[in-house]
Amino acid sequence: MSSEDEDGRMPADLEAVLEAADDEEAEEADEGRYDAPPLPPALILAVVGLLSGFATVALVWLSERGCERVRDTSNCGALGLPLLVLIVVVTIVLGGLALSQLAMPHPRLVAFLGVAFMLLVVLAFLTDHLSSQWALAVVPALTAITFLVANLVARLLERADA
């Protein structure tokens with residue numbers, strides 16, 4: 001039996017049937033989505049910066065452990081610089097992905113500048129103290145701050161471009 005009447009016309013309640021089907025599809029699409037109030041951008045930037053800082057510390061620690069296993073010393077020698085460049089690239093990509101998933105403006109630029117500013121501060125002031133335990137807390141906190149600064153710089157660049 002078809003959905004058409006005997007005289008070839010569609011039933012009068014077809015619109016209601018189609019609307020119900022659209023509502024069901026919308027509910028299925030929203031099934032895995034949570035509606036929550038938007039988070040403040042500063043909080044998003046700080047948390048992603050903090051996580052990027054922890055990722056940096058973890059990747060550096062893992063590379064040192066890898067060099068210890070291979071070379072019996074935490075000094076990676078000629079592989080040290082390429083490993084550090086790889087760590088920086090991975091951290092920038094992870095930060096950019098997190099910011100883009102959270103719908104932040106200019107996610108890749110903010111991640112790049114945030115990690116670059118953190119590296120500048122670490123190289124300028126903290127190089128001699130990175131082997132101490134407090135560096136585990138300072139580098140992520142510093143990265144959170146530099147992500148906030150990077151967002152300010154990105155917004156200033158956007159205004160200057162307009």
Side-chain angles (χ1 to χ4, degrees), residues 23-162:
D23 289 341
E24 288 176 14
E25 288 176 10
E27 286 176 12
E28 289 175 7
D30 290 341
E31 193 171 300
R33 188 173 148 229
Y34 298 104
D35 288 331
L39 294 173
L43 178 64
I44 292 172
L45 289 164
V47 168
V48 170
L50 193 69
L51 293 174
S52 295
F54 279 123
T56 302
V57 169
L59 289 171
V60 168
W61 183 81
L62 285 172
S63 68
E64 286 178 352
R65 299 298 78 77
C67 289
E68 260 180 26
R69 285 197 177 247
V70 173
R71 299 181 51 144
D72 292 330
T73 180
S74 62
N75 184 355
C76 293
L79 290 176
L81 182 62
L83 275 173
L84 287 176
V85 170
L86 180 66
I87 289 169
V88 168
V89 169
V90 167
T91 304
I92 290 171
V93 168
L94 290 176
L97 284 174
L99 290 174
S100 66
Q101 290 296 316
L102 294 169
M104 291 299 295
H106 312 293
R108 292 178 202 94
L109 177 64
V110 171
F112 174 77
L113 291 176
V115 173
F117 292 161
M118 179 268 299
L119 286 174
L120 289 173
V121 172
V122 166
L123 289 174
F125 302 109
L126 303 175
T127 304
D128 296 335
H129 307 289
L130 286 176
S131 60
S132 64
Q133 294 292 329
W134 63 269
L136 293 173
V138 170
V139 171
L142 176 65
T143 310
I145 293 168
T146 59
F147 266 60
L148 292 168
V149 171
N151 185 52
L152 290 173
V153 170
R155 288 192 330 200
L156 288 173
L157 289 172
E158 183 180 36
R159 285 186 196 150
D161 197 31

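All figures in this text were calculated on a predicted structure; none of them were measured in a lab. Quick note: numbers below take in every heavy atom, side chains included, and nothing from hydrogens, waters or symmetry partners.
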Restricting to non-hydrogen atoms, name the atom on [X] and the atom on [Y] that form the minimum distance, rounded to 0.1 Å.
| X | Y | answer |
| --- | --- | --- |
| A78 | P82 | O-CD, 3.4 Å |
| D72 | R69 | OD1-O, 4.2 Å |
| L83 | C76 | CD1-SG, 3.8 Å |

For a quick test of your reading: what N or O donor-acceptor pairs under 3.5 Å do the side chains of residues 88-106 make, sequence neighbours left out?
from : atom 1 : to   : atom 2 : distance (Å)
T91  : OG1    : T56  : OG1    : 3.2
T91  : OG1    : I87  : O      : 2.8
S100 : OG     : G96  : O      : 3.2
S100 : OG     : L97  : O      : 2.9
H106 : NE2    : E158 : OE2    : 3.4

- Query: Could you give the distance from CG (L51) to OG1 (T143), rounded to the nearest 0.5 Å?
  - Reply: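 Reported to 0.5 Å precision, the distance equals 10.5 Å.
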- Query: Which value, rounded to the nearest 0.5 Å, describes the distance between L62 atom CG and C67 atom SG?
  - Reply: 11.0 Å
Show me the side-chain donor-acceptor pairs of residues 147-154 shorter than 3.5 Å, one per line, residues at least two apart or across chains.
none

- Query: How would you list all residue pairs meeting salt bridge (Lys or Arg N to Asp or Glu O under 4.0 Å) that involve residues 56-67, not counting sequence neighbours?
  - Reply: R65-E68
- Message: Applying side-chain contact (heavy atoms from CB on, under 4.5 Å), can you list everything that pairs with L156, at least two apart in sequence or on another chain?
- Response: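 Result, side-chain contact (heavy atoms from CB on, under 4.5 Å) vs L156: R159.
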- Message: So, using side-chain contact (heavy atoms from CB on, under 4.5 Å) as the criterion, who are the partners of L50 when residues are at least two apart?
- Response: F54, P140, A144
- Message: Pair D161, L157 - check side chain to side chain contact (heavy atoms under 4.5 Å, CB included), show working.
- Response: CA-CA 6 Å; D161 197 31; L157 289 172; over 6 Å; no
Counting only pairs under 3.5 Å, give me each side-chain donor-acceptor contact of residues 108-130, with atom names and distances, residues two or more places apart or in other chains.
from : atom 1 : to   : atom 2 : distance (Å)
T127 : OG1    : V122 : O      : 3.1
T127 : OG1    : L123 : O      : 3.0

